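Only one structure is covered here, and it is reproduced in the block below.
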Amino acid sequence: MTTLLLVPLPAAVGAPVGPPFVLDAGVRVGGDAVAAGVLRRLVATRTGLHLGHADDGAAPDAARIALTVDGSGPAESYRLAVRHDGIEVRAADAAGLFYGIQTLGQLVAGSATGWTVPAADIDDAPRFAYRGVMLDVARHFHDVGTVTAFLERAASLKFNVLHLHLSDDQAWRLELRSRPELTARTAANAVGGDPGGFYTQDDYRRIIDHAAAHHMTVVPEFDMPGHTHAVGIAYPAVAAAPALEGWDAAGGPTPVAGEPYTGIGVGFSSLRIGDAATDAFVADVFTELATLTPGPYLHFGGDEAHGTAPADFAAFVERTSALIARLGKTPVAWHEAGAAGDLARGTVGQYWSFVRPAEGAAEKTRAFTTVGGRVILSPADAVYLDMKPDETATLGLTWANGPTSLERAYRWEPADVIDGLSEDDILGVEAPLWTETVRTLDDIDALTFPRIAAAAEAAWSPRSGAAPGRTWDSFRSRVGGLGPLWTTLDIRFPASPEVSWTL
C-alpha cells in the first residue's frame with residue numbers, strides 16, 4: 001500500500017485499489033456551497049485549474065466532487081472516499097467538511113500527464129478538541145494581513161484556535177475605549193526599538209471573522225499581574241516599581257518605570273495588587289474584551305510574576321479568574337496560576353514547562369483539574385515554535401533545553417507529560433510563537449515550518465503507535481511530500497535537512 005502524504009495523520013486510512021481520480025477542468029463540484037468555494041480556491045492555487053459548479057450546465061457525465069454535511073460522527077469528523085469516477089467528502093459539521101477539504105488538497109498530485117488524486121478511504125476525527133497556535137504580537141507587532149496569513153496556514157493543518165498574546169512589558173496592542181491610554185502611550189514600542197502598532201476594534205473584528213471563516217476560535221490574552229510594564233506607562237497608579245533583585249536582563253536594557261522597555265527580560269513587572277485603582281483597571285479591560293470576543297475563552301496570563309509576592313499573586317489570580325467567569329467566559333491562565341488556592345470553577349490551565357516538568361510545574365498544572373478545569377499542553381522544549389531549529393539558525397532562542405529539532409518536536413506524547421492527568425483532563429495542545437526575534441511573515445514561516453506540522457499531528461492524530469504510520473519515520477516522509485503544496489501556498493518554509501523534500 002502506498003503511503004498517503006498527509007499531515008496530520010488521519011485516524012483511519014483504508015486500502016482501496018483502483019486508478020486515481022483525474023483532476024481536470026471538466027470536474028464539477030457540488031454540495032455545500034461554502035465548502036465548494038473553499039475547495040475551488042484551493043485547487044486553483046495548487047493546480048491552476050478552475051473547477052466548475054455541479055449545476056453550471058456541464059455535461060451530465062462530467063466527473064464530480066460531492067461535499068456534504070450529514071451530521072454523522074463526532075464533532076469535526078469527516079469521511080473521504082476517492083474513486084476514479086468521483087470524490088465524496090461527508091462530514092459531521094461544517095468544520096469537519098473544511099478539514100476533509102484540507103486533506104483532499106494534500107492528496108492532489110501533479111505529474112507530466114496532469115493532476116490526479118489517489119484512490120483513498122479515510123475516516124477521520126480529532127484526538128483533542130482544542131488544537132491551538134499562539135502568536136505573540138506584543139514583543140513585535142504583526143498587522144492584520146500577517147495574522148490572517150498565519151491563521152490560514154494553521155487552519156490548513158487542522159488547528160482550530162488562534163491565541164493572540166496582546167500585551168506584555170513592551171506594549172499593549174488592542175484598542176480599548178475604556179482605557180485609551182494603553183495603546184496611545186505604548187503601542188509605538190517593540191523589542192529593540194522596532195516599529196510598533198496596534199489593532200483597532202475593527203481590526204480585531206476582522207481577525208475574528210477571518211478566523212471563523214477558517215473554523216478557528218480566537219483566544220485573546222491580556223497578561224497580568226506580571227508582564228505589565230507597559231500598563232505602568234499608560235496608567236502609573238496601577239503598576240508597581242520594577243523588581244530588579246535577582247532579575248535576568250537577558251543581555252538587554254534595565255527597565256525604568258514610566259519609560260518604554262525594549263528588551264526581552266521577564267519577571268520584573270507587576271500590578272499593584274489590592275489597590276482599588278488596579279481592581280477597576282482589571283475589571284475595565286476584561287469587561288470590554290469580553291464584549292469584543294465571541295469565543296468562550298479569555299486568557300489572563302498569570303506567568304512569570306516574579307515581582308509579585310506569592311500571597312498577592314494568589315489573590316490576584318483568584319479575583320481575576322472569578323471576574324472572567326462572571327463575564328460568562330472561561331478563564332485561561334498559564335500553569336503558574338495553579339498555585340492559587342481558589343481558582344474560579346472551570347479555569348483552564350496552560351502548561352508551558354518541559355516534556356519532563358520542572359520542579360513544581362506538574363503540581364500547579366494538576367490543580368486546575370481540582371476546580372473542574374482542563375489543561376492545554378504547550379511543553380516549551382517540544383512545541384515552542386520560537387526555539388531555534390538548530391544551532392546555525394539566525395532566528396529564535398535556545399532557553400528551552402537548547403534548539404528544538406523537528407524530530408524532538410515530534411517525539412513526545414501529550415498523555416505522558418503530566419503524571420496524574422487522564423486523557424479527559426487534557427483539553428488539547430497549543431504551539432506558541434513568541435516574537436522576540438520575529439518581525440515579518442517570512443520570519444514566522446522560517447521558525448514555524450515544518451515544526452508546526454509536528455504540533456498539528458500531536459493535537460489531531462491518535463497517539464504514537466495507536467495507528468499505522470504514526471511514527472517519526474513516516475512523519476518525516478509525509479511532511480516532505482507537502483513541499484509542493486506549501487510552495488504553491490507561498491509558505492516560505494526552510495528545507496529542513498531532517499526531511500527528504502518533494503519539490
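Because the structure is a prediction, the values reported are computed rather than measured. These values consider heavy atoms only, across backbone and side chains, with no hydrogens, waters or symmetry-generated copies.
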### Task
Report the relative orientation of the aromatic rings in Tyr130 and Tyr297; use parallel for angles under 30°, tilted for 30 to 60°, perpendicular for over 60°.
perpendicular
### Message
Here's a test for you: under side chain to side chain contact (heavy atoms under 4.5 Å, CB included), which of Pro8, Pro126, Ser461 qualifies with Lys158?
### Response
Pro8
#### Entry: Stepwise side-chain contact (heavy atoms from CB on, under 4.5 Å) check, Arg326 with Phe286
CA-CA 11 Å; Arg326 288 196 303 272; Phe286 282 111; over 6 Å; no
### Query
So, does Asn160 use its side chain to make a donor-acceptor pair with the main chain of Ala129 at under 3.5 Å?
yes
### Query
Within the distance-only criterion (no hydrogens, no angle test), does the side chain of Thr186 pair as donor or acceptor with the backbone N or O of Thr183 below 3.5 angstrom?
no
#### Entry: Check: Val144 and His210 side chains under 4.5 Å, non-hydrogen atoms
no
#### Entry: Leu9 backbone acceptor or donor facing Glu457 side chain under 3.5 Å
yes
### Message
Filter on salt bridge (Lys or Arg N to Asp or Glu O under 4.0 Å), then keep only pairs touching residues 261-288, sequence neighbours left out; what's left?
### Response
Arg179-Asp284, Asp279-Arg319
### Task
Please list, chain by chain and in numerical order, all residues satisfying side-chain hydrogen bond (donor to acceptor under 3.5 Å, both in side chains) with Arg153, sequence neighbours excluded.
Asp445
### Query
Which heavy atom of Thr217 sits nearest a heavy atom of Pro296, and at what distance?
CG2-CD, 3.9 Å
### Message
Could you go through Asp209 and Arg206, starting from their C-alpha distance and side-chain angles, then the distance that decides it, and tell me whether this counts as salt bridge (Lys or Arg N to Asp or Glu O under 4.0 Å)?
### Response
CA-CA 5 Å; Asp209 289 346; Arg206 286 170 56 201; over 6 Å; no
### Query
Does the Thr437 side chain pair with the main chain of Leu395, one donor and one acceptor, at a distance under 3.5 Å?
no
### Task
Go through the steps for Leu433 and Asp136 under the test side-chain contact (heavy atoms from CB on, under 4.5 Å), then give the verdict.
CA-CA 6 Å; Leu433 177 64; Asp136 167 19; over 6 Å; no
### Query
Does any N or O in the side chain of Gln350 come within less than 3.5 Å of the main-chain N or O of Val332, such that one atom is a donor and the other an acceptor?
no
### Heavy-atom side-chain proximity of Val282 to Val238 below 4.5 angstrom
no
### Task
To the nearest 0.5 Å, tell me how far Ile491 CD1 sits from Ser156 OG.
5.5 Å
### Under 3.5 Å donor-acceptor, Arg131 side chain and Gly428 backbone
no
### Query
Does Thr435 reach the main-chain N or O of Val137 with its side chain, forming a donor-acceptor pair under 3.5 Å?
no
### Query
Is the shortest heavy-atom distance from the side chain of Trp247 to the side chain of Pro242 under 4.5 Å?
no
#### Entry: Non-hydrogen atoms of Ala340 and Val317 that approach each other most closely
CB-CG1, 3.7 Å
### Query
Of all heavy-atom pairs between Thr228 and Ser269, which one has the smallest distance, and what is that distance?
N-OG, 2.9 Å
### Task
Would you confirm whether Asp194, through its side chain, and Ala190, through its main-chain N or O, come within 3.5 Å as a donor-acceptor pair?
no
### Task
First locate atom CD of Glu436, then atom CH2 of Trp399, and finally report the distance between them rounded to the nearest 0.5 Å.
9.0 Å
### Task
Might you work through the salt bridge (Lys or Arg N to Asp or Glu O under 4.0 Å) test for Arg366 and Asp425, ending with a clear yes or no?
CA-CA 9 Å; Arg366 285 191 294 268; Asp425 291 329; over 6 Å; no
### Query
Taking Arg173 for the side chain and Ala138 for the main chain, is one N or O donor matched with an acceptor at less than 3.5 Å?
yes
### Query
Shortest non-hydrogen contact from Leu385 to Ile452?
CD2-N, 3.9 Å
### Side chain proximity check, Thr291 to Leu327, heavy atoms < 4.5 angstrom
no
### Query
Does the pair Arg127/Glu423 count as a salt bridge with the N-to-O cut at 4.0 Å?
yes
### Query
More than 12 heavy atoms of other residues, nucleotides or ligands under 6.0 Å from CZ of Arg411: is that the case?
yes
### Query
Any Lys/Arg nitrogen of Arg356 or Asp381 sitting under 4.0 Å from an Asp/Glu carboxylate oxygen of the other?
no
### Query
Can you tell if the side chain of Phe98 reaches within under 4.5 Å of the side chain of Ile101, non-hydrogen atoms only?
no
### Task
Describe, in one word, how the ring planes of His299 and Trp334 are oriented to each other, choosing from parallel (under 30°), tilted (30 to 60°) and perpendicular (over 60°).
tilted
### Query
Shortest non-hydrogen contact from Phe368 to Ala333?
CZ-O, 4.2 Å
### Query
Backbone N or O of Thr293 within a donor-acceptor pair of the Lys329 side chain at under 3.5 Å?
yes
### Task
Name all residues meeting the side-chain hydrogen bond (donor to acceptor under 3.5 Å, both in side chains) criterion together with Thr200; count only those two or more places apart in sequence or in a different chain, and write none if there are none.
Asp203
### Query
Considering residues at least two apart in sequence or located in another chain, which fulfil the ring-ring contact (aromatic ring centres under 6.0 Å, His included) criterion with Trp412?
none
### Message
Considering only residues two or more places apart or on different chains, which pairs with a residue in residues 165-209 satisfy ring pair (Phe, Tyr, Trp, His ring centres under 6.0 Å)?
### Response
Phe141-Tyr199, His165-Trp434, Trp172-Phe222
### Task
Run the salt-bridge test on Arg139 and Asp168 with the 4.0 Å N-O cut-off and return the result as yes or no.
yes
### Query
Should Val219 and Glu430 be marked as a side-chain contact (heavy atoms from CB on, under 4.5 Å) after you check the CA-CA gap, both sets of side-chain angles, and the distance that decides it?
CA-CA 12 Å; Val219 176; Glu430 181 178 292; 6.0 Å; no
### Met216 and its side chain to side chain contact (heavy atoms under 4.5 Å, CB included) partner, picked from Val161, Ile208, Val133
Val133
### Task
Evaluate the criterion side-chain contact (heavy atoms from CB on, under 4.5 Å) for residue pair Glu336 and Trp352; output intermediate values, then yes/no.
CA-CA 9 Å; Glu336 291 98 317; Trp352 66 269; 2.8 Å; yes
### Value rounded to 0.5 Å, distance of CG in Asp70 from CZ in Arg90
4.5 Å
### Contacts of type ring-ring contact (aromatic ring centres under 6.0 Å, His included), residue His306, not counting sequence neighbours
none
#### Entry: Leu176 versus Gln201, closest heavy-atom pair with distance
CA-NE2, 4.0 Å
